*Asks:* 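Okay, handing you the structure first.
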Number of protein chains: 2
Amino acid sequence: MGRVGLTTERLVRAGAELADEVGFDQVTVSALARRFDVKVASLYSHLRNSQDLRTGIALLALEELADRGATALAGRAGKDALTALANVYRDYAAEHPGRYAAAQLRLSPEAAANSAGSRHARMTRAVLRGYDLTEPDQTHAVRLLGSVFHGYVSLELGGGFSHSAPDSQETWTRILDALDALLRNWPGE
Amino acid sequence: MGRVGLTTERLVRAGAELADEVGFDQVTVSALARRFDVKVASLYSHLRNSQDLRTGIALLALEELADRGATALAGRAGKDALTALANVYRDYAAEHPGRYAAAQLRLSPEAAANSAGSRHARMTRAVLRGYDLTEPDQTHAVRLLGSVFHGYVSLELGGGFSHSAPDSQETWTRILDALDALLRNWPGE
DNA sequence: TCATGTGCCTAAACCTTCTAGGCAAATGAG
DNA sequence: CTCATTTGCCTAGAAGGTTTAGGCACATGA
C-alpha cells in the first residue's frame, strides 16, 4: 500500500467538501477516511481528534468568506458596499451550505482569536463608513447587520422562506433597501 | 427491577433539560437512559429513533416559545408589543440554550406542519398590526423581524457580543428602537 | 547504503444506535 | 380472585464512530 499523501490541510479541504455534500453534522473522521480510501486511524496522525477537524473546516469557511468579502468591497461604498457584503454571505451559504454551517460553530477562545472573525467585523465597519454613524452607534449597527445577515441566511437555508410568496429574493432586496434607509436615518437616543 | 414509568412525553421533557445542561448536540439516547437509570433499549419502546427524540425537543421548544409569546403580546401593541415579543426569544434562549438550539432544527415537512411554527408567524404579524404596512411589505417585515431576532439571539448565545463594549443589553435596546423607527417609516418601492 | 523518521497499518477498547426476542409486572375480563 | 393479555423493561448482539498503542515499510538525507 503506497502513501496517499495526507496532510491536515488536505483533510480539512476534503472535510469541507464533504460538509457541503452531506451536511456539516454528517462530517465524520470515518467518512473522511473512506473518501481517501485509507484506514481511520491513519487520520489521527494529522488530526488531534474529530473536533479538530470540525474546527478546521470552520476556520477555513471563515477565511473564505472574509476573502470574498474583501474582494466584494473593493471599490464600493454606501449602499453598493452594503449590498455587496450582504450578498457575499447569502451566496456563500447557498453555494456552500456545509461550510456555512461550520462557520457558525462555537469556537474556543483560542480558535476564535486565530480566526478571520475580526476581519468580518472590520468589513462591516468599512461598509458603515458610508453612513454617518459614530460610536457607540456604529457598534450597534455592526451588530444589527451581523444579526440580519446571519439570521436571514440561516432561516433561508433552513427552508423558512421557501414555498411562500413573495419569493425570497424579493424580500432580500427590500430588506437591504430598508437597512440602507435605516442607516441613513439612524435614530438618536 | 420495577418499572420506572417511561413515556414519550417524559423522555422528551428530560431530553430538553439535558439539552439545556449539556448542549443540544450532546443529547443522546444513551445519556437519557443513564438519567433514568434504565437500559438504552428500553427507550426504543417510546422513541422510534434518536432523531425522533431531537424532533420532540424541537417541537416542545417551539410550543413553549409560542406560549410565552402569546402571553407577552396580550394587551400590548406598537413598540411595546415589538419589544415584548423580541424579549421572549432573547430571554428564552438565555434561560434554555439547549431548547433554543433545538428549535432551530431543520424539521421534516410533516413535523413542521404539526409544529407551532405558524403561531410564531402569526404573532409577528400581530406585532406588525401596530404599524402601517400592507402586503407584500408586511411579509418582508415579518421576515426581517424573524431574521433580526434569530440572528441576534444566536450570535449573542455564541458569545459574539460578550467581552466587548458596549454591552449587549445596550445594543439590544438600540436595535429595537431602530426597528421601531424603521417600521414606522418603511421605505416604499 | 544505511539510519532515521514519518505515514499508514493492525488491533483493540469504548461509546452510541438500533433490532430481536424474553420475562415479569400491570391490567382487565370473567 | 384468577387467568390471559398487554406492556415495560430486560439481555444479547450487530453495526458503525472515536481514539490509543504499537508496528512495518517506504522516503529522506548522511
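Just so we're clear, the structure is a prediction, and the values are computed from it rather than from any experiment. Chain identifiers are assigned alphabetically (A, B, ...) following the order of the sequence lines, protein sequences preceding nucleic acid strands; residue numbering begins at 1 within each chain.
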*Asks:* State whether the side chain of R99(A) and the backbone N or O of L60(A) hold a donor-acceptor pair below 3.5 Å, judged by distance alone.
*Replies:* no
*Asks:* What is the separation between atom CG on L32(B) and atom P on dC9(D), rounded to the nearest whole Å?
*Replies:* 13 Å
*Asks:* What protein N or O atoms touch nucleotides 15-18 of chain D N or O atoms at under 3.5 angstrom, if any, and at what distances?
*Replies:*
| from | atom 1 | to | atom 2 | distance (Å) |
| --- | --- | --- | --- | --- |
| dG17(D) | OP1 | R34(A) | NH2 | 2.9 |
| dG17(D) | OP2 | R34(A) | NH2 | 2.7 |
| dG17(D) | O3' | T28(A) | OG1 | 3.2 |
| dT18(D) | OP1 | T28(A) | OG1 | 3.4 |
| dT18(D) | OP2 | T28(A) | OG1 | 2.6 |
| dT18(D) | OP2 | V29(A) | N | 3.1 |
| dT18(D) | OP2 | S30(A) | N | 3.1 |
| dT18(D) | OP2 | S30(A) | OG | 3.4 |

*Asks:* Do Y100(A) and S154(A) have a side chain donor and acceptor closer than 3.5 Å?
*Replies:* no
*Asks:* Between dC9(D), dC8(C), dT11(D), which nucleotide has the shortest distance from any of its atoms to the side chain of V4(B)?
*Replies:* dC9(D)
*Asks:* What is the distance, to the nearest angstrom, from the CZ atom on F36(B) to the P atom on dG8(D)?
*Replies:* 14 Å
*Asks:* Take the protein atom CG of L6(A) and the nucleotide atom C1' of dA27(D), then report the distance between them rounded to whole Å.
*Replies:* 15 Å
*Asks:* May I ask you to check whether S50(B) and R54(B) show a side-chain donor-acceptor distance below 3.5 Å?
*Replies:* yes
*Asks:* Quick one: R10(B) CZ to dG8(D) P, roughly how many Å, whole number?
*Replies:* 13 Å
*Asks:* Check E17(A) with R13(A), please: is the shortest side-chain N to carboxylate O separation under 4.0 Å?
*Replies:* no
*Asks:* Would you please indicate yes or no on a ring centroid separation below 6.0 angstrom for Y152(A) and F161(A)?
*Replies:* yes
*Asks:* For this output row, return yes or no: ring centroids of Y92(B) and H96(B) closer than 6.0 angstrom.
*Replies:* yes
*Asks:* Roughly, in whole Å, what's the span from CG in L43(A) to P in dT6(C)?
*Replies:* 18 Å
*Asks:* Does S42(B) place a side-chain N or O at less than 4.0 Å from the phosphate oxygens OP1/OP2 of dG8(D)?
*Replies:* no
*Asks:* Please report, rounded to the nearest Å, how far the C1' atom of dG7(C) is from the CG atom of D37(A).
*Replies:* 15 Å
*Asks:* Specify the separation, in whole Å, of atom NZ of K39(A) and atom C1' of dT10(C).
*Replies:* 9 Å
*Asks:* OP1 or OP2 of dC8(C) sitting under 4.0 Å from any side-chain N/O of H46(A)?
*Replies:* yes
